[in-house]
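Structure record follows, encoded as structure tokens.
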Amino acid sequence: MGIIFHENTKEFHLCNKEISYIFCIMQNGQPGQLYYGKRLRDRESFIHLFEEGVHDMAPCPYEGNNVFSLEYLKQEYPTYGTGDMRYPAFQIEQEDGSKITEFTYKSHRIFQGKPTLKGLPAVYVEHDDEAVTLELILSDKIIQTDLILSYTVFENYPVICRNARFEHYGDKKIVLGSAMSFNLDLPDSNYDMVDLTGAWARERYVKCHRLHEGVQSIYSMRGHSSHQFNPFFALKRPEANEDSGEALGFSLVYSGNFLGQVNTDTFDVSRVMMGIHPNEFAWTLRKGEVFQTPEAVLVYSEKGLNGMSQTFHELYRTRLARGYWRDRERPVLINSWEAMFMDFDEEKVLKLAKEAAALDIELFVLDDGWFGHRDDATSSLGDWYPDQRKLPDGVKGIAEKVEKLGMKFGLWIEPEMISKDSDLYRMHPDWMIGAPYRNKCHGRYQYVLDFTKPEVVQFIGDMIVKVLRDAPVSYIKWDLNRSISEPFSQGRDAGFQGELFHRQILGMYQLYERLRAEFPEILFESCASGGARFDPGMLYYAPQAWTSDCTDAIERLRIQYGTSFVYPLSSIGCHVSEAPNQQTCRNTSLKTRGETAYFGTFGYELDLGKLTEEEKEEIKEQVAFVKEYRSLVANGTFYRLLSPFEGDEGAWMVVSKDKKEALAGYYRQRQPMNAPYKRLFLRGLDEEMEYVVEGREESFFGDELMQAGLVISDQACGVKTAEVVQGDYQSRLFMLKAKES
Ligand code: DGJ
């Protein structure tokens, strides 16, 4: 692993055993892209990959030279106003109104390790020898600003982390109108773009479309990463699939407005960029000030989309998630929401808790409705003190009573919000985002607190800290249930408003950091109306996230499948809820619900009191199963096997690192009539090992299970009929253990 700088040719080669990333300093002093992909052996120069062409009409900066034109060159971080007519990576408005800049090579630093990003989440290293970082310093002498492009290459991951930083030391102020986290110009456009799109309760559906000339993008302008688009996309070769072929993954470690874009030009160059969305972004830098972009993570895979996802999983699970809970087994929980919504009192809560304790559930989570006088969504956000009507002994009382039952206690909060009917609003109406003289939309009857104001973050933090200091709370579900629709910070000058969206996120990250620091052993689960903020930024603060408000097993199959493109199973919150399902009215068996939810962090979200004795017994068995397999699920290597988006089935599996154990789930969305033969081609096993599949008499070698497949036909001989359940919405689980040799 290393970063090689070829002094003579001014070329940088970032590489490890799997990848190479190569760029040069062009004759105009700007960095030009040469190669990103599978590892290439190093050589003094790769300049033959630098393609120029004679294009009449192109803007050319040098008199007498009509070949060098930025319009046709592949670049690292393209500038506006120097001949490139495509989308720039950034724009800077100067006091005279000019947006022309020219950043040229000044110096560079190469060092072991990876710096943290001030105030922002980022992938980290535990030891400096895990990674090497290059900081390329470019400078615009006229506006007196440095632009630092940072690249980190890891020893053990086919990953490049990138970010950009602007350091301004000129006397005149400048305004950043956009500042992407990275730009990458790829030499062709023979790619499918794969992204994760959706809506509330239908998050992260996998979509795939061919690149075409023009701009294709994913984005959020809502103040959070959103249900609609996840801050991730992949470019895969058209022939690449889950298991083979080239796939490039791009992921932004950020939770706010973002843009991910591919601009394919008329010469088939694909300009890829990702960063904070430029809409409503205008960041002023005065002398001595710095702007740091969020980090982008670039993953290279020649083993298809599964290979790409496995890299994201391992990196994000072990080098983005942090702290006490990172490597610990997560508790099986019961969440009160779908069981009682806000309609509860202490007696009701304790009844559910007792029932949960009797089923060996480990954590009771009291969801929305415990504070202020919140009986419905119209009130109390911002009043983070217990409602004495419901909890006469406060959070402390209920938490202690739950702990006496042998369970841990968890609590729901939504710190970034305010209700008009709240003491907080009556005290501080100007703490609400929006212009005072204009109407402000409510979203679920609530409004957004202005977290750009340090005093607001401090005040809300103090209230929450008081609750947490007072009571034995082991888990926090941090929710957010609306977008920012009227971005305006009251009492600020005009120049500030373009900073609002980003500062809002910085304020939220700051509060998370404060709570994590004071309560390091609390397990945080992020949430945003289900999965509207399921992004890498949140993983830095909360190692697990509520995946979706849709708990229907069949819908979850798709949602979890899509989520797994980037996020490790240890982060994917999955609950078994009641049937018929509250969101879809679909009836699925407890078995199918459990076997879908096993592939994530597991819990229940239903009124246990309504269950039959048989169902309770089944739940006990499920809980025992999770306790046995949760470490494998969280830490194993995950493979998607059959896409629920492409047919009536779905399947996935997880294999332990030593390949001695595996768990596969197979799901049938629709029962075919007179079903054809069926084999499940397993992945990731050791070809030489002999595996026992629980419930089957014969054993199988790994090569057979992967090449010939596991026979799962309904009518197959040797398959016990008990294993095969006919009908729609059925699931089957296969537990594999290697025989001791
Ligand atoms: C939205 C979340 O996704 C739900 O799980 C629940 O916590 C509600 N908010 C509570 O208001």
Side-chain angles (χ1 to χ4, degrees), residues 198-204 222-228 230 255 333-344 348-349 352 363-384 386-387 390 395 409-419 421-422 442-449 464 473 475-483 523-535 538 542 544-552 555-556 559-560 563 571-578 581-584 593 597 600-607:
W200 171 76
R202 177 166 52 78
E203 298 91 338
R204 291 172 296 285
R222 298 165 177 269
H224 51 85
S225 48
S226 90
H227 295 107
Q228 284 71 15
N230 198 259
S255 310
L333 64 82
I334 171 91
N335 180 295
S336 67
W337 183 243
E338 288 195 22
M340 51 182 80
F341 298 100
M342 298 182 206
D343 178 19
F344 59 79
K348 233 171 143 179
V349 169
L352 183 63
L363 168 70
F364 181 91
V365 179
L366 185 57
D367 209 283
D368 196 353
W370 60 268
F371 51 92
H373 60 278
R374 188 156 162 98
D375 294 327
D376 57 39
T378 60
S379 86
S380 303
L381 292 167
D383 295 348
W384 299 109
D387 181 347
K390 296 183 183 176
V395 175
F409 179 80
L411 203 59
W412 176 96
I413 54 173
E414 194 179 1
E416 298 143 87
M417 295 293 148
I418 184 166
S419 306
D421 178 8
S422 67
H442 71 86
R444 207 197 186 204
Y445 308 106
Q446 67 193 54
Y447 302 84
V448 185
L449 270 174
I464 292 168
V473 175
Y475 161 107
I476 285 287
K477 176 177 173 187
W478 179 322
D479 203 349
L480 163 125
N481 284 295
R482 66 156 294 175
S483 308
L523 171 60
F524 284 89
E525 175 154 347
S526 73
C527 172
S529 289
R533 208 156 62 178
F534 203 129
D535 59 58
M538 298 313 298
Q544 60 190 60
W546 182 224
T547 311
S548 175
D549 273 347
C550 184
T551 52
D552 174 89
E555 293 304 311
R556 271 308 188 103
I559 295 168
Q560 290 170 217
T563 305
S571 68
I572 302 179
C574 302
H575 298 173
V576 170
S577 63
E578 69 184 26
N581 180 267
Q582 291 185 4
Q583 295 85 31
T584 60
R593 282 175 273 156
T601 60
F602 187 83
Y604 291 90
E605 187 153 342
L606 75 173
D607 186 350

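Counting starts at 1 for both ligands and their atoms, in listed order. Computation of the quantities below employed the complete heavy-atom set of this structure, encompassing side-chain atoms and omitting hydrogens, waters and symmetry-equivalent molecules.
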Ligand-residue contact atoms, ligand 1 with Cys527, heavy atoms, under 4.0 Å
2 (C), 3 (O)

Can you see whether Ser255 engages His224 through a side-chain donor-acceptor pair at a distance of less than 3.5 angstrom?
no

Which bit of Asn481 gets closer than 4.0 Å to ligand 1, counting heavy atoms only: side chain, backbone, both or neither?
side chain

Between Tyr604 and Phe602, is the gap from one ring center to the other below 6.0 Å?
yes

Side chain, backbone, both or neither: which applies to Lys477 and ligand 1 if a contact is any heavy-atom pair less than 4.0 Å apart?
side chain

Which is closest to atom 7 (O) of ligand 1 in terms of heavy atoms, Leu480, Asp368, Asp367?
Asp367

Between Ser548 and Arg556, what is the shortest heavy-atom contact and its length?
O-NH2, 3.0 Å

Yes or no on salt bridge (charged side-chain N to carboxylate O under 4.0 Å, His left out) for Arg374 and Asp368, after CA distance, side-chain angles and deciding distance?
CA-CA 8 Å; Arg374 188 156 162 98; Asp368 196 353; 2.7 Å; yes

Closest approach of any protein heavy atom to atom 4 (C) of ligand 1, naming residue and atom:
Asp549 OD1, 3.4 Å

Pick one of side chain, backbone, both or neither for how Ser529 approaches ligand 1, counting any non-hydrogen atom pair under 4.0 Å.
backbone

So, Trp370 side chain and Trp412 main chain: donor-acceptor pair closer than 3.5 Å or not?
yes

Does Cys550 reach the side chain of Thr584, with side-chain heavy atoms less than 4.5 Å apart?
yes

Which residue from Trp337, Trp200, Trp546 reaches closest to atom 8 (C) of ligand 1 through any of its heavy atoms?
Trp337

Give the residue and atom name of whichever protein heavy atom lies nearest to atom 9 (N) of ligand 1, and the separation in Å to one decimal.
Asp479 OD2, 2.7 Å

Among the heavy atoms of Arg444, does any lie under 4.0 Å from an atom of ligand 1?
yes

Go through the structure and list residues passing side-chain contact (heavy atoms from CB on, under 4.5 Å) with Ser577, not counting sequence neighbours.
Glu338, Thr551, Asn581

